[in-house]
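Structure first, commentary second.
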2 protein chains.
Amino acid sequence: MSNTTINFQDRTIEYQQLLEDFKTLLKKSNLKFTIQREIILETLYNSNEHLTPEALHQLIQKQHPNLKIGIATVYRTLALLEESNVVTSLSFGAQGKKYELGAKEHHDHLICLECGQITEFVDEAIEKRQHAITHELGFKMLDHSMQIYGICKKCQEKKLTTEKEN
Amino acid sequence: MSNTTINFQDRTIEYQQLLEDFKTLLKKSNLKFTIQREIILETLYNSNEHLTPEALHQLIQKQHPNLKIGIATVYRTLALLEESNVVTSLSFGAQGKKYELGAKEHHDHLICLECGQITEFVDEAIEKRQHAITHELGFKMLDHSMQIYGICKKCQEKKLTTEKEN
DNA sequence: GTCGCTGCAAAGTCTTTGCAGAGAG
DNA sequence: CTCTCTGCAAAGACTTTGCAGCGAC
């Protein structure tokens, strides 16, 4: 089995394209393109992270101190973006949802329980098996999500160092 | 690729065993074995479903109308059981967590977005790929979860019928 | 101008916590 | 007996909603 089927961190679309698509989408539903919606999308795009609504709101406040964007607007916009499949939400063990742009190539998540870092990957063999399984059951697959939880390399090394110190 | 590697609904342990393990676990941490904890575990075992704390609480009230078990106790016990890896929680798109006994063989989930039904499955090929991926990154896998969302066979058929009627 | 959008604050959910009495060991 | 658990109600966290004024088109 070759490793070439695994791709990490594959970003495939450009912001301008995303923005245009978003505008088209809004127009189609008779919705308005507001500065708040633009900033939320842009911030989500620039932050290559998985953000909670709260974190996204704080980030926006930091980057645009003169603008006042309410947390309610963040929630409303994220709901809109999720409905439109522009972003995807990821639910975690503890509490809260995290959002990420969903327009990139579909991918799964490796989550470090120590430092919270999330690594994305795509694996063809897994995707194929998913299709095989759903096909066998006559199940129509619309989406899927996979998370692997554990300890990343860095944190393992950090632990070793700490143990030696003691 | 053979289909024999897929196993659906594999239940592997008995309640008596589970109960003994739970008692041992409690003793080890100087915790007490109470009727509430027993009923919560038992109800979770007998219900072969994925339950929210709320649903579990209601089910207990229905099955044991003379007992008064507070919702707070359900939350506290589920947290305890999750910490001890007796149950696993599953987070959903919308809101809330669902719990299931985690002592069965590890499995993934097929979730119907139409009727909410959850089917469990295990696929060796996917498990192998997961190991391969984490190994390549030096990531220590502790757990993983996979959900496939879509429309189950029954609901697809139901939809077709409804469309014909109109 | 119209009608959707926003910020604010208030209202909902869902979950956790403090406390005094009950009960397991 | 001791010390943890429990139920209750109150507090908290997170999210949604109502509303009046604002702003995109």
Side-chain angles (χ1 to χ4, degrees), chain A residues 19-20 22-43 50-61 64-84 86-87 89-99, chain B residues 19-20 22-43 50-61 64-84 86-87 89-99:
Chain A
L19 190 59
E20 281 317 307
F22 184 42
K23 283 186 184 174
T24 309
L25 194 97
L26 290 174
K27 208 167 287 175
K28 214 186 295 177
S29 308
N30 258 329
L31 301 176
K32 291 175 181 176
F33 180 70
T34 63
I35 185 70
Q36 289 86 345
R37 285 177 176 167
E38 173 166 16
I39 287 184
I40 289 169
L41 186 64
E42 184 201 292
T43 308
H50 299 71
L51 295 170
T52 60
E54 189 63 46
L56 180 56
H57 183 230
Q58 283 176 11
L59 191 57
I60 289 172
Q61 298 218 308
H64 304 266
N66 25 342
L67 256 147
K68 281 259 170 303
I69 295 193
I71 185 76
T73 300
V74 174
Y75 275 104
R76 282 186 283 227
T77 304
L78 284 173
L80 171 66
L81 290 171
E82 188 170 18
E83 261 177 52
S84 319
V86 179
V87 305
S89 68
L90 204 56
S91 294
F92 273 74
Q95 59 242 101
K97 259 182 180 183
K98 288 188 173 184
Y99 288 83
Chain B
L19 190 59
E20 281 317 307
F22 183 43
K23 284 187 183 173
T24 308
L25 193 96
L26 290 173
K27 208 166 288 175
K28 214 186 294 178
S29 308
N30 259 328
L31 301 175
K32 291 176 179 175
F33 180 71
T34 63
I35 185 71
Q36 287 88 344
R37 287 177 176 166
E38 173 166 15
I39 287 182
I40 289 169
L41 186 66
E42 183 201 292
T43 308
H50 298 72
L51 296 170
T52 60
E54 190 61 49
L56 179 56
H57 183 229
Q58 284 176 12
L59 191 58
I60 289 172
Q61 298 218 307
H64 305 265
N66 25 342
L67 254 147
K68 281 260 170 302
I69 294 193
I71 186 75
T73 300
V74 174
Y75 275 103
R76 282 185 285 228
T77 304
L78 284 174
L80 171 67
L81 290 171
E82 189 170 18
E83 260 176 55
S84 320
V86 179
V87 306
S89 70
L90 205 55
S91 293
F92 272 74
Q95 59 242 102
K97 260 183 178 183
K98 288 188 173 183
Y99 288 83

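All figures in this text were calculated on a predicted structure; none of them were measured in a lab. Per chain, numbering begins at 1; letters A, B, ... match sequence-line order.
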Grab the N/O contacts between the protein and nucleotides 21-25 of chain C below 3.5 Å, and write none if there aren't any.
from   : atom 1 : to      : atom 2 : distance (Å)
C/dG23 : N2     : B/Lys32 : NZ     : 3.1
C/dA24 : O3'    : B/Phe33 : O      : 3.4
C/dA24 : N3     : B/Lys32 : NZ     : 3.2
C/dG25 : OP1    : B/Phe33 : N      : 3.3

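A/Glu83 meets the side chain to side chain contact (heavy atoms under 4.5 Å, CB included) test with no other residue; sequence neighbours excluded. Under the rule for a side chain to side chain contact (heavy atoms under 4.5 Å, CB included), the partners of B/Ala55 that lie at least two apart in sequence or sit in another chain are B/Leu51, B/Thr52.
Remark: B/Ala72, B/Tyr75, B/Arg76 in residues 70-81 of chain B come within less than 4.0 Å of DNA chain C through at least one heavy atom.
Within the model, atoms NE2 of A/His57 and OG1 of A/Thr77 stand 11.0 Å from one another, a figure rounded to the nearest 0.5 Å. A/Glu42 CD to A/Ile60 CD1: the interatomic distance, rounded to the nearest 0.5 Å, is 9.0 Å. Between atom CG of residue A/Asn66 and atom NE2 of residue A/His64 there is a gap of 8.5 Å, rounded to the nearest 0.5 Å.
Helix bend of the helix from C/dG1-D/dC25 to C/dG25-D/dC1: the angle between its two end axes, each built from five pairs, comes to 40° after rounding to 10°.
In this structure, B/Asn30 places its CG atom 10 Å from C1' of D/dC3, rounding to the nearest Å. Distance NE2 (B/His57) to C1' (C/dC14): 14 Å, rounded to an integer number of Å. In this structure, B/Leu26 atom CG and D/dC3 atom P are separated by 19 Å, rounded to whole Å. We find that CD of A/Glu38 is positioned 16 Å from C1' of D/dC25, with the value rounded to whole Å. In this entry the distance linking NZ of B/Lys27 with C1' of D/dC3 reads 17 Å, nearest Å. B/Leu56 has its CG atom 15 Å from the P atom of C/dC14, to the nearest Å. Counting to the nearest Å, the C1' atom of C/dC8 and the CD atom of A/Gln61 are 13 Å from each other.
For D/dA24, the OP1/OP2 oxygens have no side-chain nitrogen or oxygen of A/Gln36 closer than 4.0 Å.
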Listing, residues 28-37 of chain A side-chain donor-acceptor contacts under 3.5 Å, not counting sequence neighbours, or none:
from    : atom 1 : to      : atom 2 : distance (Å)
A/Thr34 : OG1    : A/Arg37 : N      : 3.2
A/Arg37 : NH1    : A/Lys32 : O      : 2.8

